[in-house]
Amino acid sequence: MAPVVTTAVLAPDGRAPVALPRSIQVGELAKAFDSSVVDVIQTLVNLGIMATVNQTIDFDTASLAAGELGIEVVAEEPALLEAGDEVAEEAPARPVLWTDEDPSRLRERPPVVTVMGHVDHGKTSLLDAVRETNITARESGGITQHIGAYQVEHKGRKVTWIDTPGHQAFTAMRARGASVTDIAVLVVAADDGVQPQTVEAISHARAANVPIVVALNKIDKPDADPERVKAQLAEQGVTIEDYGGDVPLVAVSARTKQGLEDLLDVILLVADVRDLKADPERAAIGNVVEAHLERGRGAIATVLVRTGTLQRGDLVVVGTTFGKIRAMVDDRAKTVNRAEPSRPVEILGLPDVPEAGDVLRVVADEKAARLAVANEQRRRASAVAGERPPTLDEMFAQQSDTKAKELRIVLKADAQGSLEAIRGALAKLPQEEVGLNVAYAAVGDITESDVTLAATSGAVVIGFNNKLDAPAKRVADSMQVDVRLYKVIYELLDDMAKALVGMLEPEMVEQVMGHAEVRQTFTAGKTTIAGCMVVDGVVRRGAQARVLRGGTVVHDGKLSSLKRFKDDAREVTAGLECGITLEGNNDVVVGDIIEAYAVVAKPRG
Ligand code: GDP
């Protein structure tokens, strides 16, 4: 595409302006500038932009760097729209950028739905069926693109569906602080009933306090047994309306498309009860649902607007990156200028690929953007250090803290029998001071999803006769979740009981008694005796002792004997000489310092 030269001025050095695309990799930029990558990166750093050689930056950022380097740049025609794309009208000027949420401006917003359930129960089929039904009804051709979420219209109202089925994605988003889901559609195959991942999904929805609508799928199958499924759900505490509970159940078939209209009706009813509202006039806040890098288009992020209206041209901070929205594309591959609350759109223009769950915010100017990014970086750094679920030790220690009213656990055991036995025994533990809440219990090894659930619900993971798989271990390490594995039920119960009544053994701490300096050494048989002068405090028989040489600990053990002249001494105080031998250590030389210390119990609380 021919560059559109807007300013045909020559740079002071007589060079023609460099034409740049809307986004460019730092390495490519250096080539275009005929500069070294190091110089370009250094210039960007000086501007407060941390970029690597492979990172893509936008035109505005590149021109800032160019300015610093004394290079003239011009913009190429933006290569945004694919052939045949509808060209959107100019982004309208935003009248006011409200940053607050005014109750008088609140309007109903569409519910956001996530589909969860056991593998093969038809989650993907259901998502496809809902999409197809809706689109063929509304649009010729029915071209849709998978952008991570889509909207359908039902009786003049909209419903937003998150296009990634399963509770793993849902909980991973929550772990990043994004609670985008308003309603969980629990898909249960009528011919297969409640299965392990059905139970998991129920726990995850409950932990997030998200209402459940059961989609009893595959109702077309001859061996469908709705009554059996209803009873199984009741066993899991999901009491459907037929059984006197408040969880709606809709029989559907993703294959024959039976019941889909009813499902949408029910979702909208639940949405009404939740009274979902947002302020379409304020500066938008949203969450990233999905993001990736696309050749020629740069970073692409699907954003779900939570409140406010996102507009083309808005300057947005997304996680730890920011940029101007160059273009927005909806789930029908249509270029749009605006995205209202609950509407998913792909945004183009970010210099970096954000992560799912990252928060998007519209900001007034670049200064505000940089400040927000810096704050977010700080928040993340401190989150790594502080905002993690409590460990069991902290639960033990926190008894006097009014915060710790509940010990939450995610319990996994090797077999149904042991799981039931542990649950039964846990229920019998005294819970006067702290209640025990089993957020989720299931049979099997500890998986990534268990750990994320624990992280998001502030729980400790307890495993019995099982193991932590490798991905789960990585997540536990990075999210600093306390995972305890037991092989003996008694030990597990004992620890839980201690945590509940605050009776864990007191914390052991070191107390230094005194120091002795080695003045001479003698050998008696195979033993080296250190002839010392106690320089401060006191040295006692039987004390723990470490040998310090030039400030480094060369030995840590115990005193085996302490003598004053030829006699055993109970203790030797500062200013007096003594002979010391160390248990299992003859490595002492003149000038060493022997530090005598004790390990004492420090009561908690
Ligand atoms: P997921 O793993 O939960 O996403 O399940 P899929 O959507 O991949 O479906 C698993 C299998 O069940 C596929 O072979 C589907 O064709 C089939 N299936 C899904 N929904 C229905 C349904 O309503 N009726 C019948 N008979 N089969 C279905």
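When a ligand or atom number is given, it counts from 1 through the structure's own listing order.
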Should the pair [X]-[Y] be classified as a salt bridge under the 4.0 Å nitrogen-to-oxygen rule?
X      : Y      : result
Arg343 : Glu340 : yes
Asp477 : Lys473 : yes
Glu132 : Lys257 : yes
Asp272 : Arg157 : yes

State whether a side-chain donor-acceptor pair under 3.5 Å links Gln416 with Glu420.
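Their side chains do contain a donor-acceptor pair, which is all the 3.5 Å distance test asks for.
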
Does a donor on one side chain sit under 3.5 Å from an acceptor on the other, for Asp128 and Ser125?
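Their side chains do not contain a donor-acceptor pair, so the 3.5 Å distance test is not met.
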
Nearest protein heavy-atom contact for [atom]: which residue, which atom, what distance?
atom                    : value
atom 24 (N) of ligand 1 : Asp220 OD1, 2.7 Å
atom 16 (O) of ligand 1 : Arg255 NH2, 2.9 Å
atom 4 (O) of ligand 1  : Thr124 OG1, 2.5 Å
atom 21 (C) of ligand 1 : Lys218 CG, 3.6 Å
atom 2 (O) of ligand 1  : Asp120 N, 2.7 Å
atom 19 (C) of ligand 1 : Ser125 OG, 3.3 Å

Would you say ligand 1 has an N or O under 3.5 Å from any N or O of [X]?
X      : value
Lys221 : no
Ala254 : yes
Gly122 : yes

Look at atom 13 (C) of ligand 1 and say whether a protein heavy atom is found at less than 4.0 angstrom from it.
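Under the 4.0 Å cut-off, atom 13 (C) of ligand 1 has no protein heavy-atom neighbours at all.
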
Side chain to side chain donor-acceptor pair (under 3.5 Å) partner of Asp191, the single match among His121, Arg228, Lys218, Lys221
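Option passing the side chain to side chain donor-acceptor pair (under 3.5 Å) with Asp191: Lys221.
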
May I have the step-by-step check of side chain to side chain contact (heavy atoms under 4.5 Å, CB included) for Asp495 and Arg484, ending in yes or no?
CA-CA 10 Å; Asp495 270 3; Arg484 302 253 170 163; 4.0 Å; yes

Describe, in one word, how the ring planes of Tyr150 and Trp161 are oriented to each other, choosing from parallel (under 30°), tilted (30 to 60°) and perpendicular (over 60°).
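Rings of Tyr150 and Trp161: parallel, as their planes differ by under 30°.
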
Where ligand 1 meets His121 - atom numbers and elements under 4.0 angstrom, heavy-atom basis
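Listed by number with element, the hits are 3 (O), 5 (O).
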
Would you mind listing which atoms of ligand 1 come within a distance below 4.0 Å of any non-hydrogen atom of His118?
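Matching atoms, with element in brackets: 3 (O).
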
Measure Asn217 to ligand 1 on non-hydrogen atoms and call it side chain, backbone, both or neither using the 4.0 Å cut-off.
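Side chain only.
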
